[in-house]
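Keep in mind that this is a model prediction, so the values were computed, not measured. Every heavy atom of this structure was used, including side-chain atoms; hydrogens, water molecules and symmetry mates were not.
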Amino acid sequence: MLFRSNALPEAVVSVLIVAAWVLGGGVPARTALIGFASPTWLMLVLIFAIGSVIAATGVIYRLALWAAVKLRAGFIGQVLSLGTVGLLSGPALPSPPGRLHIVAPALEELSAAFGYAPHSRAAIGLAMATLTGFGLMVWPFMTSSSTALLLYTTLPAASREGLSWSTWALRAAPLTLVLFGGLLLLICFAYRPGRQGDAGDAKRRSDSVLALQREIGRAHV
């Protein structure tokens with residue numbers, strides 16, 4: 001009832017529930033709190049702490065801008081760079097909504113810098129690439145999302161034997177290659193710009209605007 005009514009913060013309700021179990025004699029304190037003393041719990045805390053620091057620095061945003069500037073392949077290169085940066089940011093920031101929260105506010109300015117009109121096919125394509133890389137990739141790495149971390153903690157001890165961060169990524173690679181690559185290829189095909197005549201103007205506009213955005217991002221660190 002307390003969870004549903006939002007009368008108290010969820011963390012407070014959780015602590016009260018554990019306290020009621022222990023003080024009521026239903027569960028020994030060692031049993032009720034054993035999960036918070038496990039190596040897995042400490043790993044979760046450290047991962048989210050590191051992710052918070054990375055999010056505060058704005059490095060993911062600047063990395064997306066850098067990739068978009070350096071990869072000179074038009075709309076296809078922009079889609080691939082945004083999607084790949086989102087995919088590679090997963091291990092450092094295990095929260096897809098958090099990753100989207102960092103990049104999404106700048107997406108409109110990024111589209112304008114590339115010379116794409118608001119709500120155009122190309123602008124929507126960049127948004128879809130951002131959603132794919134930053135929001136949908138929840139499985140490629142053990143630390144890509146809280147869901148993957150929780151799944152790891154619920155595996156039997158025998159299944160966790162020999163399952164490291166690298167082996168997880170290796171086993172997930174085939175699925176990642178098919179789904180991630182397929183989605184980006186679909187975006188490149190379905191949302192490619194209809195007109196190519198203003199590509200040179202868009203490139204010249206993007207160089208100056210993206211450089212300015214990178215400087216602004218660096219100044220706020």
Cluster check [X], [Y]: I/L/V/M/F/W/Y, side chain < 4.5 angstrom:
X	Y	value
Leu175	Leu163	yes
Leu100	Val79	yes
Met142	Val138	yes

Extract all donor-acceptor atom pairs below 3.5 Å that involve side chains of residues 177-189 and protein atoms in other chains or at least two apart in sequence.
none

Output yes when a side-chain donor or acceptor of Ser81 lies under 3.5 Å from a complementary backbone atom of Gly77, and no otherwise.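 Side chain of Ser81 to backbone of Gly77: a pair is present.
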
Sequence-distant partners of [X], side chain to side chain contact (heavy atoms under 4.5 Å, CB included), two or more places apart:
X	value
Leu151	Thr154, Trp168
Pro140	Leu87, Met137, Ser144, Thr176
Ser166	Ser164

For residues 119-136, run the donor-acceptor check on the side chains, cut-off 3.5 Å, and write out each pair with its distance to 0.1 Å, sequence neighbours left out.
from: Ser120; atom 1: OG; to: Ala117; atom 2: O; distance (Å): 2.7
from: Ser120; atom 1: OG; to: Ala123; atom 2: N; distance (Å): 3.3
from: Arg121; atom 1: NH2; to: Ala190; atom 2: O; distance (Å): 2.3
from: Thr130; atom 1: OG1; to: Leu126; atom 2: O; distance (Å): 2.9
from: Thr132; atom 1: OG1; to: Met128; atom 2: O; distance (Å): 2.8

With a 4.5 Å heavy-atom cut-off, do Tyr116 and Pro193 have their side chains touching?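 Contact flag for Tyr116/Pro193 side chains = yes.
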
Using the ring pair (Phe, Tyr, Trp, His ring centres under 6.0 Å) criterion, which residues pair with Phe141? Sequence neighbours excluded.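 Once residues adjacent in sequence are excluded, the partners of Phe141 under the ring pair (Phe, Tyr, Trp, His ring centres under 6.0 Å) criterion are Trp165.
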
